[in-house]
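To keep things clear, I will list the structure first and then write my remarks on it.
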Amino acid sequence: MDNMSNFSVSKDPRFWLFTGLGVLCLFPFISSPVALILGFTLASLGLIPACIDLGSLTKKLLSWSIVGLGFGIHLDQAIEVSKQSLPLVVGSIVFTLLLAVALTRMMKLDLKTGYLIGAGTSICGGSAIAAVSPAINAKSDQMAVALACVFVLNSVALFIFPVLGHALDLSQHDFGLWSAIAIHDTSSVVGAASSYGDEALLVATTTKLARALWIVPVALISALAFGGNKKSLSIPAFIIYYCVAIGIAYLLPQFENVYEVLFAVSKRTLVVCLFLIGAGITIKKMRAAGHKPMLLAITLWLAIGTSSLAYIKLLG
């Protein structure tokens, strides 16, 4: 029976189209937004093979991708940067998450979707959404809506932040700090800061990596808040492995070349995850979500962008 099932799968052109595009997402010329769009397009055209369990596959690949990203965290450097900008980093995360929950309830938006948008805005975009999603048992469509909103604004930020930085006459240090706080995804932070200058790039990169460490406590708190049974908190396994990966990279620096490969591979498998997430949604589902998720994302982005800039200017 299993052989007949496998034979029918191999004869289904949708299966090979889906698999081929998934493999294609491993290559660097396919960006995260493009991967999401590819999956979304297949779903909208009804080209997702029924034999693929998207939910299970996405959760497993997401978890291992996040673990692999842990090898790219330079613990000592991240801790040093955290000490310097601790009030701004912690304050912006707490402020954004609380505001996200408040606005989500006010707008009568799905709580998990709103919370994921808040997590992506407050920490590090798609990586934070990917890490928090399994911790709160979010559905694939909730993840997809949150990711879509964050990626749109993330793409916009890549272009407008350098322009705003020059218009506001920000120093290299101040722009690097601001971009690391107010731009969602690490890739766009690096892109915006590198176009501003070398010092801005150094500050932005180290600050963003320091913020990435907060994925762990935020995911743990999120699991507690959404888990129901608060007497026995079950820590998601991927969070433990993520911490182990950071520890290994710190204690055994002689294998840095290996860690760089693992980090690079994990970034690419995360892109494949976005393809799978996109494959789980359709235009019908997006219409059902309405305009509220994007409105929430824009409001949170403006809030963290203006408040962090005001704080940096005040210190300056």
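Only heavy atoms go into these numbers, but all of them, side chains included; no hydrogens, no water, no symmetry mates.
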Side-chain donor-acceptor pairs of residues 246-263 under 3.5 Å, sequence neighbours excluded:
unit_1	atom_1	unit_2	atom_2	d
Tyr259	OH	Ile248	O	3.3
Tyr259	OH	Leu252	O	2.7

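Summarising the geometry of Pro293 relative to Ile117, their closest heavy-atom pair is O-CD1, 3.6 Å, with the distance given to 0.1 Å. Heavy atoms only, all atoms of each residue included: Val132 and Ala119 are closest at CG2-CB, 4.1 Å. Here the shortest heavy-atom pairing between Cys25 and Ala35 reads SG-CB, 3.8 Å. The two atoms that bring Ser195 and Pro162 nearest to each other are OG-CG, 3.4 Å, heavy atoms only. Heavy-atom minimum distance, Ala128 versus Ile123: CB-CB, 3.9 Å. Shortest non-hydrogen contact noted between Thr306 and Ala303 is OG1-O, 3.3 Å.
Note that CG of Leu38 is 6.5 Å distant from CZ of Phe275, once rounded to the nearest 0.5 Å. Rounded to the nearest 0.5 Å, atoms OG (Ser140) and CG (Leu276) are 10.0 Å apart. Atom CG of Leu220 sits about 11.5 Å away from atom CD1 of Ile215, to the nearest 0.5 Å. Rounding to the nearest 0.5 Å places SG of Cys149 at 10.0 Å from CG of Leu300. Separating the CG atom in Leu309 from the CG atom in Leu314 is a distance of 11.0 Å, to the nearest 0.5 Å. Between Leu177 atom CG and Leu170 atom CG the span is 10.0 Å, to the nearest 0.5 Å.
Residues Thr19 and Ile52 form no side-chain contact, since every pair of their non-hydrogen atoms from C-beta on lies 4.5 Å or further apart. Using a 4.5 Å heavy-atom cutoff, the side chains of Ile181 and Val89 are in contact. At least one side-chain heavy atom of Pro87 sits less than 4.5 Å from a side-chain heavy atom of Tyr311. In this structure, the side chains of Phe29 and Val34 stay at 4.5 Å or more apart for every pair of heavy atoms. The side-chain heavy atoms of Val203 and Gln172, taken from C-beta on, include no pair separated by under 4.5 Å.
Of the possible donor and acceptor atoms, one in the side chain of Ser179 sits under 3.5 Å from a partner among the backbone N and O of Gly176.
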For this session: Begin from the C-alpha positions of Leu21 and Ile30 and carry the test side chain to side chain contact (heavy atoms under 4.5 Å, CB included) through to its verdict.
Result: CA-CA 10 Å; Leu21 289 176; Ile30 301 293; over 6 Å; no

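With sequence neighbours left out, the side-chain contact (heavy atoms from CB on, under 4.5 Å) criterion links Leu164 to Ile160, Trp178. By the salt bridge (charged side-chain N to carboxylate O under 4.0 Å, His left out) test, Arg14 is found to be paired with Asp12, residues two or more places apart in sequence or in another chain being considered. Residues passing the side-chain contact (heavy atoms from CB on, under 4.5 Å) test with Ser266, sequence neighbours excluded: Leu69, Thr269. In terms of the side chain to side chain donor-acceptor pair (under 3.5 Å) criterion, Thr96 has no residue partners (sequence neighbours excluded). The side-chain contact (heavy atoms from CB on, under 4.5 Å) search around Thr41 returns Ile37, Leu45, not counting sequence neighbours. For His173, there are no ring-ring contact (aromatic ring centres under 6.0 Å, His included) partners, not counting sequence neighbours. Among residues two or more places apart in sequence or in another chain, the side-chain contact (heavy atoms from CB on, under 4.5 Å) test is passed with Thr299 by Leu103, Leu295.
Between Trp64 and Tyr241, the angle of the ring planes stays under 30°, which puts this pair in the parallel group of the 30/60° scheme.
Within the hydrophobic cluster formed by Ile, Leu, Val, Met, Phe, Trp and Tyr side chains joined at under 4.5 Å, directly or through other members, Val163 stands alone, with no partner residue.
Residue pairs meeting the side chain to side chain donor-acceptor pair (under 3.5 Å) criterion with at least one member in residues 104-116, sequence neighbours excluded, are Asp110-Thr113, Asp110-Gln142, Tyr115-Ser222. Sorted pairs that involve residues 117-133 and meet salt bridge (Lys or Arg N to Asp or Glu O under 4.0 Å), not counting sequence neighbours, are lacking altogether.
Aromatic ring centres of Tyr196 and His166: separated by under 6.0 Å.
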